[in-house]
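A note on names: the letters A, B, ... follow the listed sequences, proteins ahead of strands, and every chain is numbered from 1.
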Amino acid sequence: MAQTPRYRFAPSPTGYFHVGGARTALYNWILALQNNGVFVLRIEDTDDSRNNPQWTKGILEALAWLGIDSSDSHFEGPLFQSANAALHVAAAEKLFEQGKAYYCDLSTEDIQKRAKESGKQGYDGYSRDRGLGPGEGRVLRFRVPQSLTIVQDEVRGSVEFDNSTIEDFVLLRGNGSPVFLLANVVDDITQGITHVVRAEEHLPNAPKQQMIWQALGVTPPSWAHVPVLVNEQRKKLSKRRDKVAVEQYREEGVIAAAMKNYLMTLGWAPTGDTEIVPFEKITADFKLGSVNHSPAFFDIVKLQSFNADYIRAMTVDEFIRACEPWLVGAKAPWQASDYDAKVFAEVAPLVQTRVQLLQDVPSMVDFLFCDLPTIDDAAFTKAFAPEWASSTLIEIREGFTTCEFTPDALKAVVEAVGEKHSLKLGKLQAPLRVAVTGRSVGPPLFEPIALLGRDATLKRIDVAIAKKV
RNA sequence: GCCCCCAUCGUCUAGUGGCCUAGGACACCACCCUUUCAAGGUGGCGGCACGGGUUCGAAUCCCGUUGGGGGUGCCA
């Protein structure tokens, strides 16, 4: 009778939510889904001064954004580590009573001094047999048994650690509070965790924690240590120097589905030749055993490419809805009163294939929602450099005053002028584009011009010609 | 220093002894299409770190070298 597998994700609320954390969460989430198990979210908010409730909120929101929240029955939590402090201490005391841990009154300086004198690194087990009891300033250390600890890891196989290389590590600080190594294990035990899937940086902790599980008389969980995400220098992604905040990518207009899909291609790949696949396929395909063993570079360029792909795959309506935060409200670069949702809906299909990030959208359409566009000087200078630029623009203006104001008719006017002067449409439209949009690149020109209307268009052309002269 | 992990195109990966003349994706380049820019299409560039084994046969197994990474806290 197999028990329900229980996975967990245990972040500490010390900053923005890290993309590496997001990937670990996704792994655990997928495993819980595919094995009909439980995903326990545990916030490890033990007395670290870096903790802040605001970060907890951020973690919850970011996970929810990725589709990991209590609306799904596989989700359990959030649980807070700080609430279990008494349990952690009780477990430590039990270990002390059983002689599996002992108190030590050496300060960090004392330990360093002894290490220096003996020439051996780390704590030397000085207080092992001194029979010290608890007391202010005394730390409780785990009595590491003399043996070999073998960690069975689902991605790495069996990893052996000679216990003689593991010092008697601290369980309880001098002030009596539990350290991560202990609190983490006690919580896992009390929460019935059966599978620990986490980043490789924790691999050195695994033998220590496995010993604690055993010392507490509980069968250790199944371990899996997945490779870390690295930056261009192949160093572990860090909050300090790398762009790792999930929140930030979201702000820029990365789609959650794209982020999930991309993250899952780091260290693993869905079956088949396509890597952009529905989350359902990932959930069905994923196997811990086929996760890569080496670190993966978090490539923002590729993430954006995935994102652009996801944007293009949307229906126009979905796209319009997804753009909303960037079009109305605080993020919009224009006055709310100047924005016209109907106009945007018309050009939406034109911009959909041209953006990688949703935040790129406003700058593609802003010229439609202002009186006069902001002219990019470099673009203007270049577009109006040819001697024919102004004169042909005047001719085009001429045509625009009388023609039907539809994309086709407008295009015909410009083409006619082009034919007269043997200029290709691509070249000829440059000054027009800058005059109307302020930029040298953008969505196809004639649809927006038709939307803009005759008066506004002629006005912009006049302004541009005046500027030239 | 010590412990542990890792090693396929620039990057992410497929590959589990013959299907490999190593496949796909991102990036890059070229061409086509084209209303600028994209998108799309076609093609191109580019890799099994090195050295030894094992085997009829090795990207795949073993050993070593080199190179990278993680850890080494009274952080998590």
Side-chain angles (χ1 to χ4, degrees), chain A residues 10-14 44-51 81 104 106-108 111 119-122 137-141 151 153 155-156 159-162 164-167 169-181 183-184 199-207 225 227-228 230 232-236 262 265-276 289-290 292-299 301-306 308-309 312 350-356 364 379 383 407 411 414-415 418 424-430 432-434 437 439-447:
Chain A
S12 59
T14 57
E44 305 224 325
D45 58 345
T46 41
D47 68 347
D48 189 321
S49 54
R50 294 176 301 165
N51 288 336
Q81 185 159 73
C104 174
L106 253 39
S107 67
T108 308
I111 293 168
K120 283 181 195 151
Q121 298 259 318
R138 293 183 179 175
V139 301
L140 183 70
R141 288 184 177 271
V151 172
D153 189 289
V155 348
R156 277 154 222 285
V159 185
E160 295 186 4
F161 297 85
D162 184 340
S164 65
T165 65
I166 302 175
E167 67 176 35
F169 51 91
V170 171
L171 258 19
L172 251 30
R173 300 187 182 93
N175 65 7
S177 67
V179 302
F180 157 78
L181 244 23
N184 189 259
E200 194 196 342
E201 64 207 70
H202 287 292
L203 188 50
N205 291 328
H225 291 90
V228 294
V230 298
E232 228 153 351
Q233 285 74 240
R234 303 214 68 84
K235 301 272 189 228
K236 193 174 73 159
Y262 175 64
T265 65
L266 261 22
W268 179 80
T271 57
D273 263 352
T274 322
E275 42 184 10
I276 295 190
S290 49
N292 264 190
H293 296 183
S294 39
F297 170 51
F298 184 78
D299 187 353
V301 173
K302 190 160 180 179
L303 199 217
Q304 290 189 356
S305 164
F306 268 51
D309 208 287
R312 276 180 251 121
L350 268 22
V351 322
Q352 194 174 351
T353 58
R354 276 162 245 262
V355 293
Q356 295 214 299
M364 298 223 92
K411 185 182 175 194
V414 179
E415 276 174 338
K424 284 201 169 166
L425 188 53
K427 278 196 142 180
L428 185 59
Q429 64 151 353
L432 209 215
R433 175 179 290 282
V434 173
T437 74
R439 297 191 180 85
S440 56
V441 297
L445 237 201
F446 303 109
E447 291 79 358

Quiz item: Looking at B:G71, B:C74, B:C6, which one has an atom nearest to any side-chain atom of A:S294?
Solution: B:C6

Practice problem: For A:E201, look at atom CD and say whether over 12 heavy atoms of other residues, nucleotides or ligands are found less than 6.0 Å away. | Solution: yes

Exercise. Would you mind classifying the nucleic acid contact of A:H202 as base, sugar-phosphate or nothing, using non-hydrogen atoms under 4.0 angstrom?
Key: base

Quiz item: How close or far is atom P of B:C3 from atom CD of A:E160, stated in whole angstroms?
Solution: 14 Å

Practice problem: Looking only at side-chain atoms of A:R141, point me to the closest of B:G71, B:C74, B:A76. | Solution: B:C74

Self-check item: Donor-acceptor contact present, side-chain A:D153 to main-chain A:V159, <3.5 Å
Solution: no

Self-check item: Mate of B:A59 where both pairing distances stay under 3.5 Å, Watson-Crick or G-U
Solution: none

Practice problem: Quote, to the nearest angstrom, the C1' distance that separates B:C4 from B:C9. | Solution: 29 Å

Exercise. Determine the contact category for A:G122: base if any of its heavy atoms lies under 4.0 Å from a base atom, sugar-phosphate if only primed atoms, P, OP1 or OP2 are that close, otherwise nothing.
Key: nothing

Practice problem: Output, in order, the C-alpha distance, side-chain angles, deciding distance and verdict of side-chain hydrogen bond (donor to acceptor under 3.5 Å, both in side chains) for A:S294 and A:N292. | Solution: CA-CA 6 Å; A:S294 39; A:N292 264 190; 4.7 Å; no

Practice problem: Using both distances under 3.5 Å as the test, list the Watson-Crick or G-U wobble partner of B:U65, or none. | Solution: B:A49

Quiz item: For the side chain of A:R312 and the backbone of A:V355, is there at least one donor-acceptor N/O pair under 3.5 Å apart?
Solution: no

Practice problem: Report, as a single string ordered 5' to 3', how protein heavy atoms within less than 4.0 Å touch nucleotides 25-44 of chain B: B base, S sugar-phosphate only, - not at all. | Solution: BSS-------BBBBSS----

Quiz item: Is the phosphate of B:A14, meaning OP1 or OP2, less than 4.0 Å from a side-chain N or O of A:N292?
Solution: yes

Exercise. Quote, to the nearest angstrom, the C1' distance that separates B:G15 from B:U60.
Key: 8 Å

Exercise. May I have the distance from A:L203 (atom CG) to B:C6 (atom P), rounded to whole angstrom?
Key: 9 Å

Practice problem: Rounded to whole angstrom, note down the C1' distance from B:G10 over to B:C20. | Solution: 22 Å

Quiz item: Could you give the CD-to-P distance, from A:E201 to B:C75, as a whole number of Å?
Solution: 17 Å

Self-check item: Phosphate OP1/OP2 of B:C75 contacted by A:S12 side-chain N/O (<4.0 Å)
Solution: no

Quiz item: Using a cut-off of less than 4.0 Å, is there contact between a side-chain N or O of A:R173 and OP1 or OP2 of B:A76?
Solution: yes

Exercise. Searching all strands shown, indicate the nucleotide that pairs with B:A30 (Watson-Crick or G-U wobble; both distances under 3.5 Å).
Key: B:U42

Quiz item: Any ion pair linking A:E275 and A:K302 (charged N to carboxylate O, less than 4.0 Å)?
Solution: yes

Quiz item: Within the structure shown, what part of the strands sits under 4.0 Å from A:Q121 by heavy-atom distance: base, sugar-phosphate, or nothing?
Solution: base

Quiz item: At under 4.0 Å between heavy atoms, what does A:N184 touch on the DNA or RNA strands: base, sugar-phosphate, or nothing?
Solution: nothing

Quiz item: Looking at B:G70, B:C12, B:A14, which one has an atom nearest to any side-chain atom of A:A296?
Solution: B:C12

Exercise. Please give the nucleotide sitting opposite B:G1 as a Watson-Crick or G-U wobble pair, both distances under 3.5 Å, or none.
Key: B:U72

Quiz prompt | For B:U54, the Watson-Crick or wobble counterpart (both distances under 3.5 Å) | solution = none

Practice problem: Give a yes or no answer on whether the side chain of A:T437 reaches the backbone of A:V434 with a donor-acceptor pair at less than 3.5 Å. | Solution: no

Exercise. Verify the contact: side-chain N or O of A:K236 to OP1 or OP2 of B:G71, cut-off strictly under 4.0 Å; return yes or no.
Key: yes

Quiz item: What interatomic distance, in whole Å, is found between P of B:U8 and the corresponding atom of B:G68?
Solution: 14 Å

Quiz item: Is the backbone of A:V155 close enough, under 3.5 Å, to the side chain of A:H293 for a donor and an acceptor to pair up by distance?
Solution: yes

Self-check item: Nearest-angstrom distance, C1' atom, B:G17 to B:A59
Solution: 10 Å

Quiz item: Short question: side chain of A:Y262, backbone of A:D299 - any donor-acceptor pair under 3.5 Å?
Solution: yes

Exercise. Determine the interatomic distance between P on B:G69 and the same-named atom on B:C12; round to the nearest Å.
Key: 14 Å

Exercise. Would you kindly give the NZ-to-C1' distance between A:K235 and B:U11, to the nearest whole Å?
Key: 18 Å

Quiz item: Given the C1' atoms of B:G64 and B:U54, what is the spacing between them in whole Å?
Solution: 15 Å

Quiz item: So what does A:L106 touch, heavy atoms closer than 4.0 Å: a base, only the sugar-phosphate, or nothing?
Solution: base

Self-check item: Whole angstrom value for the distance that separates P of B:U72 from CG of A:L181
Solution: 10 Å

Quiz prompt | Length of the line joining A:N205:CG and B:C3:C1', which is rounded to integer Å | solution = 13 Å

Quiz item: Have A:R173 and A:S177 got a donor and an acceptor in their side chains that come within less than 3.5 Å?
Solution: yes

Quiz prompt | Distance, rounded to the nearest Å, where A:R156 contributes CZ and B:G71 contributes P | solution = 13 Å

Quiz prompt | Gap between atoms NE2 and P, on A:H225 and B:C6 respectively (whole Å) | solution = 13 Å

Exercise. Could you give the distance separating B:C50 and B:U36 at their P atoms, to the nearest angstrom?
Key: 46 Å

Exercise. Identify whether any heavy atom of A:Q352 sits under 4.0 Å from a base atom; if not, whether one sits that close to sugar-phosphate; answer base, sugar-phosphate or nothing.
Key: nothing

